[in-house]
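Whatever order the structure lists ligands and atoms in, that order sets their numbers, starting from 1. Predicted model, so just to flag it, every value in this text is computed and none were measured.
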Amino acid sequence: EAGRLAESMNHQVFAVGGFVRDLLLRRDVLDMDLVVEGDGIAFARALAKKLGGRVRAHKKFRTAVIVYTPPGEGENGLPPEEQKVDVATARLEYYEYPAALPTVELSSIKMDLFRRDFTINALAVQLNPEDFGRLVDFFGAQRDIKERVIRVLHSLSFVEDPTRILRAIRFEQRFHFRIGKQTTRLIKNAIQLKLVDRLSGARLFNELKLMLREKDFLLDLLRMEEFDVLKAIYPAFSMNQRVEKLLREIEKVLNWYALLYEPTAPRQWLLVLMGLTERFPDEDARGVATRLAIPPRERREFLNLRSLCVETLDRLNTWKYADGSRSGLYFILESLPLEGILFIMARTGDEDLRKHISLHLTKLSHEALEITGEDLIAMGLQPGPDFGKILREVLAAKLDGQAPTLLAELGYAER
Ligand code: ATP
């Protein structure tokens, strides 16, 4: 579709970046990146019209995002998920070269690919009908994919953008590749030159978050430690034995939780950040949040969650010896965010307590949702000042398996 449209507009259009890489690696591809030699925004508008999608354009960068719903059915008969297509304009004239690089005349697609992070991401496939499927590989990307190496395109790559250090590690671990020899040297150099210090908190946080969301976040962090990148981000970060052990537990808990197929997914980055900072004094936790310029709401959540988890663990230990009822457990955990509950499961060494918390997540929290004020009204209770209290009593009785007795005492029969 894109190819035929480009043809009619007399533009060259290419699929680029992660999309092509994942295609060659035979991995699932999600979103697509297109580069147009011509007017990218006009092209995106025309393509969106054909696909029945919406366009968000950034005139300044001459880029656009198309969001559309593909026809047909998605998984399990659900409506298909929205797809995103990023459209960029390839242009020679606006690109600013770092001073030390040779200025050579390049075609605009070559120029576009040259600005990218690694060879494996600097591959394009032509989509115009007459050349459909032609691979455009100026920098040995196919060879590097075959040999499974991460290589930068030139020696100033990390100077140009130090977030690429994190990206190199992330792709290396995700694909089980190896960072190339020269690229390894360049990373070490960049660390020694303290280039990470120059990164804004927002960019650093953005890239770190992508890393902490990966399935292999633990391997990423260990590799970061090897390169001394963690300390470069914040000096108190360390993958010592204790932190590593806690993160392994967090990984286990996340895998366990994923198998429950619950509708709500935890924010993995937050959970991992909790693990990384577990032993930090509050001052350092605030320091991390400041260095990463974590936005105010998430910053508050992160800092509150830390103290909330400590308090909750205390309460749970008391509960275990002094109470032990299901309702007691439910009321301790009900207002703790999911990330906090999973963190405590990973953090406690108490196997019994872990089982109780798992009961809360898999059973009690669902049962609790089944009782609402409307049920009480249906039973003939009038909403009044004690209504909330009664609701909680009924809820407690239900969780503890005593609802019929309680309702009988109150003079109502359970429906
Ligand atoms: P993922 O599967 O993690 O989304 P991706 O390769 O699609 O991987 P994006 O972050 O979406 O990653 O970036 C899309 C493309 O943009 C990359 O393939 C790469 O070519 C380019 N790119 C992204 N970030 C940088 C960067 N910091 N420096 C240079 N090129 C970059």
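Between Gly17 and ligand 1, not a single N/O pair is under 3.5 Å apart.
Ring to ring, Phe331 and Trp319 are not that close: their centroids are 6.0 angstrom or more apart.
A pairwise comparison of heavy atoms in Ile120 and Arg21 identifies O-CB, 3.4 Å as the closest pair.
Distance check on atom 20 (O) of ligand 1: some protein heavy atom falls below the 4.0 Å cut-off. Closer than 4.0 Å to atom 11 (O) of ligand 1 lies none of the heavy atoms of the protein.
Atoms of ligand 1 found under 4.0 Å from any heavy atom of Gly18, numbered from 1 in the order shown, are 6 (O), 7 (O), 18 (O). Applying the 4.0 Å criterion to heavy atoms of Asn121 picks out, from ligand 1, the atoms 6 (O), 18 (O), 19 (C), 20 (O). Close contacts between ligand 1 and Phe171 involve ligand atoms 6 (O), 8 (O) [criterion: under 4.0 Å to a heavy atom]. Near Arg174, the atoms of ligand 1 lying under 4.0 angstrom from a non-hydrogen atom of the residue are 1 (P), 2 (O), 3 (O). The distance from ligand 1 to the heavy atoms of Asp161 drops below 4.0 Å at these ligand atoms: 26 (C), 27 (N), 28 (N). Taking every non-hydrogen atom of Thr163 and a distance limit under 4.0 Å, the qualifying atoms of ligand 1 come out as 27 (N).
In terms of protein heavy-atom proximity, atom 14 (C) of ligand 1 is closest to Asp33 OD2, 3.6 Å. Looking only at heavy atoms of the protein, atom 6 (O) of ligand 1 is closest to Arg21 NH1, 2.8 Å. Of the protein's non-hydrogen atoms, the one nearest atom 28 (N) of ligand 1 is Arg164 NE, 2.8 Å.
Relative to atom 31 (C) of ligand 1, the option among Asp117, Val29, Leu113, Val16 with the closest non-hydrogen atom is Asp117. Nearest residue to atom 13 (O) of ligand 1 from Arg167, Glu207, Arg116 is Arg167 (criterion: closest heavy atom).
Looking at Arg115 against ligand 1, only its backbone comes within 4.0 Å, counting heavy atoms.
Exactly one residue among Leu193, Leu195, Leu186 makes a side-chain contact (heavy atoms from CB on, under 4.5 Å) with Val159. That residue is Leu195.
Side-chain contact between Ser335 and Leu308: absent, with no pair of heavy atoms (C-beta onward) separated by less than 4.5 Å. Glu339 places none of its side-chain heavy atoms less than 4.5 Å from the side chain of Glu301.
Between Tyr234 and Phe237, the angle of the ring planes goes over 60°, which puts this pair in the perpendicular group of the 30/60° scheme. Ring pair Phe118/Phe158 is tilted by interplanar angle, where 30° to 60° counts as tilted.
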Check the pair Arg203 / Asp161 against side-chain contact (heavy atoms from CB on, under 4.5 Å), numbers first and verdict last.
CA-CA 10 Å; Arg203 289 208 65 212; Asp161 180 359; 3.1 Å; yes
Assess the residue pair Arg299 and Thr290 against the criterion (side chain to side chain donor-acceptor pair (under 3.5 Å)); give the C-alpha distance rounded to whole Å, side-chain angles, the decisive distance to 0.1 Å, and a yes or no.
CA-CA 9 Å; Arg299 177 193 172 100; Thr290 303; 3.1 Å; yes
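A side-chain donor-acceptor contact under 3.5 Å links Asp137 and Gln142. Defined by atom type and a distance below 3.5 Å, a donor-acceptor pair is missing between the side-chain atoms of Asp350 and Thr348.
Proximity of Glu160 to ligand 1 is not established, as no heavy-atom distance is less than 4.0 Å. Not close to ligand 1: Phe118, with no non-hydrogen atom less than 4.0 angstrom away.
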